[in-house]
Amino acid sequence: MKTFYVTTPIYYANGEPHAGHAYTTIAADALARYHRIKGNEVFFLTGVDEHGANIDKTAETEGLSPQAFCDKLAPIFTKLWERLNISNDIFLRTTSELHKRGIKKFLTALYESGDVYKAPYEGYYCRPCERFFPEKELADDKICPIHKLPLEWVKEENYFFRLSKYQDRLIQHYNENPDFVYPESRRNELLNVLESGLEDTSISRSSVSWGIPLPFDPEHIAYVWIDALPNYITALGYDADSERYHKFWPADVHMMAKEITRFHALLWPAMLMAANLPLPKQIVAHGWLTKDGEALSKTRGIFIDMDGDIGTYGVDAFRYYLLREFSFGNDGDYRPARLHARYNADLANDLGNLLNRVLGLVNKNFDEIPVPTTPDDIDEEIKGMAQTTVDQLDAQMETLAFDTALETIWEFVRRVNRYIQQTEVWTLTKPETKPRMGTILYNSLEALRFISVLVSPFIPDTAEKIQKQIGLTEFDTVAEWGRLPAALKVSKGEPIFPRVDLKKEKAPKSDAVKPKQKSDKKTTDLISFADFQKLDLQVGNVISAEPIEGADRLLKLQVDLGTEKRQVVAGIAEHYKPDILIGKQVIVVVNLEPATIRNVESQGMILAASGDSVVLATPETEVPLGTKVR
């Protein structure tokens, strides 16, 4: 059995976790879960870094000892990870005895390498970073490039690590292992730092009391990064040379936000070289999150409301949005309106409606999951696409392309929706066609089981719900076609992604019943029933969709109405990607006078609800094309 070891950073415990911490941890969790369903033995580490001057100072302002402060804060992290359904195998605290034993062994090995020496030091220091900055990295104003705060000039005697000695070995390692740092932009940035020259780095503090004493000089405390980085081996039982340590080290992936890659990709591997230990296989740095185009800021009140969005949409929708919306490695702009659109389009419409539609047809026409007895070429296409999806997913997860992986799965979701539409399965109720109906519905249920396996790393609660509703009592993690037993009893089930009405969510609650107000509108604003009857509204199926050149808001749709096909221009490009629309049933105003929009003729209009976002009006369940809407 292969092993897979993935880590988040151990987060600095001087404040409560925020959305940036959640983003890293959800991504690492998806990776861990994916390798578990592939049959690998996984170890997933996260935790908190609890030492250093910042925590000492913060604890003092709260009237607590540093240990009491950390004991209060650590459970806030663990409770959030439980809420986000994080499947970590260990939550490491640097105040734990396991870590203390391991760090003393590592520091001793570092000292015995001969690359640690004592010397006076002075330089520009950022207390929030707990880091000295070389003058060549600073502008004339001597401002911290991360916290944008004035740096202090600090003088003290420290122990140093000869980082400069390992410059050439690090450059060689980067060149021989081009995937060592991901993405490439971060690798190139660090190579530039390496080639410009490394300076020896301070590894101790004599002016700080809250930390782990150096085993070779108890008068000095290990600098917080020197204490923190070896957590990746101390958590495995490095102190006792344990079986777990030998099984999982070196780590497959260290995952983090981009601002701490220098410590992980320069200092950490150099220290491992000095201690004659293997280097991690890959260091992955994702970008920063913004909110509606603005940098997150406590002082300006710009933050991501995790509690509010999870309360409105659920944990899985929050996880899905973070992994689907942003290209991992780049910065991402968190937009609640996009979360709402993703929820409705991808989760409620595409996946939720697919499950409800199939379960409804099975419950209406069969007592249990039917046996597939009448195969057709289109069934083979669905089976083939299921396997192709698995193959593509392997390659995409290898490169941490979470957004592309989810889009690949959703292409299959949309294909199964079109499969149901193309076969018009709801019409095959006669005795002579019912075996074919049973085959199509079995394939649809098996496709849903397949989809549940593939989405389980990303939205695990949803995956569990899908399998329970299609009749499985234990979660099946194997993505091989044909494993769904016939003769199971499916449940009707609650919608896995119920509709979210933002106006209702935002409406002020009141127990008082307000008296009915007389309308200010004139009766001339009303239309007669006869006027309404003039509208010809029919259900159609979108068979193609493409952008219109030079029109950011417009899409050109081809809609099948059963007896004819219509071209319709719709102003929904900001809310729906073209491939999401294909196979979707929509309501079309058929008898609208044709209009030419951006040199494209529109032969009707599709209906949509417009508010905080645009949501297409669709039938609750699949109906025959051309069905009148009254």
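Everything numeric in this text was worked out from a predicted model, so none of it was measured. Side chains are part of it too, since the values below use all heavy atoms of this structure and drop only hydrogens, waters and symmetry mates.
Ring pair Phe248/Phe43 is tilted by interplanar angle, where 30° to 60° counts as tilted. Ring-plane geometry between Phe77 and Phe91 is classed as tilted, the angle between the planes lying from 30 to 60 degrees on a 0 to 90 degree scale. Note on ring orientation: taking the six-membered ring where Trp is involved, the planes of Tyr159 and Tyr111 are perpendicular (angle over 60°, cut-offs 30° and 60°).
The salt bridge (Lys or Arg N to Asp or Glu O under 4.0 Å) pairs that include a residue from residues 58-70 are Glu62-Lys72, where partners are two or more places apart or lie in different chains.
Within the 4.5 Å cutoff, the side chain of Ser209 has no heavy atoms near those of the Ile221 side chain. Looking at Tyr23 and His286, their side chains come closer than 4.5 Å, going by heavy atoms from C-beta outward. Under the 4.5 Å side-chain criterion, counting only non-hydrogen atoms from C-beta, Tyr166 is not in contact with Leu198. With contacts defined as side-chain heavy-atom distances shorter than 4.5 Å, the pair Arg186/Lys258 qualifies. Contact annotation: the side chain of His18 never approaches that of Ile304 to less than 4.5 Å [non-hydrogen atoms, C-beta and beyond].
Of all the heavy atoms in Phe44 and Ala32, the pair that sits closest is CD2-CB, 3.9 Å. Here the closest non-hydrogen pair linking Phe106 and Met271 is CZ-CB, 3.9 Å. Residues Thr261 and Ala285 approach most closely at CG2-CB, 3.0 Å, considering heavy atoms. Looking at every heavy atom in both residues, Ile90 comes nearest to Ala235 through CD1-O, 3.8 Å.
Tyr321 does not carry Arg342 over the face of its six-membered ring by the limits of under 6.0 Å from the centre and within 45° of the normal. Note that Lys105 lies in the cation-pi zone of Tyr238, set by a 6.0 Å cut-off to the ring centre and a 45° limit from the axis.
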